[in-house]
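Chain letters run A, B, ... following the sequence lines, proteins first, then strands; residues in each count from 1. Remember, it's a predicted structure, so these values are computed and weren't measured experimentally.
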Amino acid sequence: MDDLYLDNIDEFVNDQNKIVTYKWLSLTLGVHVNLAKQMLYHYLDQKRKEGSARLHATYLVSGKFVENGTTSHKVSVVREDQLEDAKSKMSLTVSVHVYSVQKAVLKDSGPLYSADYDAVKENLRNCSRYSAIRCADAVPRSSAEVLQACETTQAPPPETEQIKANHSNLASKPTSKQPKGIMGMFANKNVSKNQDSSKEIKLEQKDDAPVVETSKTKPAAKTNPVSNFFGKQAAKKPDKSIKEEVEIARTSSSVVEKPSSPPPKAETPVKEELAKDAVVEKDIRSKTKRLEHSDSEEEKSESRRMKRRRIKKPEPDSSDDEVIPDSPPRLQEKRDPSPIPEIQVKKEPVAVSHSDELSDCKRRKRRRVLKSCTFVDDEGCIVTEKGYESESYSETEDDFKVSKPTPKNPNPPKPSTGKKEEEKKKKAAAASNKSTKQASITGFFQKK
Amino acid sequence: MTTLTRQDLNFGQVVADILCEFLEVAIHLILYVREVYPSGIFQKRKKYNVPVQMSCHPELNQYIHDTLHCVKPLIEKNDAEKVVVVIMDKEHHPVERFVFEISQPPLLSIRHPRPTPIRIPSDTLLSHVEQLLRAVILKISVCDAVLENNPPGCTFTVLVHTREAATRNMEKVQVIKDFPWIVADEQEVHMQEPRLIPLKTMTSDIVKMQLYVEERAQKAS
């Protein structure tokens, strides 16, 4: 093979400061992955011999790994300095090859994923074109098959789910729903469309939660159009999907509005139905100041829910792992005039990630969730601990990740003094920020 | 925050939301990559469908959040010209300045007496913007290839360069209580012997952003 590829790689790595992974290289140059791996190896070899640039590489090591008596096949991506260590730990090393070449020292593996993201996305249909792994049976499903699969496994409404299932780009999904959501809300054409849009809007609420609302007065002014929407919804046959979800966005959105916001004027009987469920809500830990449930909690939660509808965030993803309540279906459910038998007590917040596979099974189960909680210990230091906690959840909820630690600091003065003591002990030199609000970072750390 | 009524849907607010979220992620990532704080306080989170590092420390998060909350109205009105994350050494001399130059196409500015006509960003546009922001984040992750290491004991601060006299309004109206903004000192704004290292430029229909780093030639004090 000619040596032009060496110049290409050189340009990518040195001039453009890219992370060149073998996968990206194979897709870019249109070569088989094994060839791409060899190219990277030759390039690295040549540059090291020349001794010119300071390059760093990561390697993919795979092999048999024995741990606690169980043998497993372990595949890991390691930095160059950890390569020998990783190889020695394996009982049998099956393959070692260059994973990526870059100029920068990578502190964590995040950028490796981002480096390939766009290239893989573009080639999603034929991403295995240059791959060495083959399976004749692995063929992407047609849309009809996906549709069928959704309909058989899920209870109605299937519309939202199948739209989501067909989209490959997760990030664009919520965004794409929003324009329809806004229009659908006010167009008010038919039941399903409204239900859809309300669900979509609701699913977006999760994103709003961490951001503090500036336009606090606006929601109050907008109650009327929204209440009209509710009124119209009441007339329609509610959707009986019994998805349970945790009302986290409700309390998160409590940041936004103060309890003093007045309930909507046009209180239809529907709203009382909606409010019924609020009574059984438990106080949920959230990042922000929590509204205490008072006597008017029905109205409050009502207005909160109303306002939550209106808050819209165009961003598809929130970096905070917030709970994503399946509130639209829930809302539908509550509109059923007959008393709702299965109002389940909502438990601690469950952080839901943005994966949009909604399986529609209606059982509640308990599972262990990795959660982190922040608290102040005896010495007055803020400690964040991650632990598994048993959580009640419904299979209708999305998969979720670790929830954001609750950064509530119950005793603000205490930690500052605690931290000062810690400062003397610790050698860490991280100084405090110039702002008066920020205390020293060293107090944050326990002896790990 | 964007509200949903037909009358008020404001493109400027949408852009400001997107940018502020992005800046929050970018600031956390800069703190991680430049080792301003120990890496132990950071945890991996997802944004724009890629892993990013965000801090767990509640006060740090609150500080960054409040900072950007105050910046948001400026971006909405297209008053913010640059948002700068300055990393300073122990003597409070800047060693690095990450400059985000932001500009919005004038059509979308809300200086008009009435809000601009509704232009709901299409999903392709937003997904394109997301792709561009992802690229900027990736560039920040690898920026230590082109930058030298910082001395230990660095701190950071966020400066905003505004157009015209927008800050006068900011001083009058405290957006967040007990979080005042002050005019920056000369020594924070200007750096001795800066070296300019461009990192990434992004151009889209709704916003243009340029990220570059000014680095002091000699960092060790």
Problem set entry | Non-hydrogen atoms of A:Pro111 and B:Leu138 that approach each other most closely | O-CD1, 3.6 Å

Exercise. Once you round to the nearest 0.5 Å, how far does OG of B:Ser127 lie from NZ of A:Lys121?
Worked result: 5.0 Å

Exercise. Does the side chain of B:Phe42 reach to within under 4.5 Å of the side chain of A:Asp108, using non-hydrogen atoms?
Worked result: no

Problem set entry | Considering all heavy atoms, the nearest A:Gly110-B:Pro51 contact | CA-CG, 3.6 Å

Exercise. Between A:Lys107 and B:Glu35, is any pair of side-chain heavy atoms under 4.5 Å apart?
Worked result: yes

For this session: Enter the distance from A:Ile19:CD1 to B:Ser141:OG here, rounded to the nearest 0.5 Å.
Result: 7.0 Å

Problem set entry | Worked verdict on B:Gln131 versus A:Asp118 for side chain to side chain contact (heavy atoms under 4.5 Å, CB included) | CA-CA 8 Å; B:Gln131 186 182 5; A:Asp118 288 326; 3.5 Å; yes

Exercise. How close do B:Ala145 and A:Arg54 get, heavy atom to heavy atom, and via which atoms?
Worked result: O-NH2, 3.2 Å

For this session: Using atom types as modelled and distance alone, determine if a side-chain donor or acceptor of B:Arg134 lies under 3.5 Å from a backbone N or O of A:Tyr117.
Result: no

Problem set entry | Residue pair B:Val142, A:Gln102: steps toward the side chain to side chain contact (heavy atoms under 4.5 Å, CB included) verdict | CA-CA 9 Å; B:Val142 294; A:Gln102 66 276 342; 5.7 Å; no

Problem set entry | Spacing of OH belonging to A:Tyr113 relative to NZ belonging to B:Lys46, to within rounding of 0.5 Å | 7.5 Å

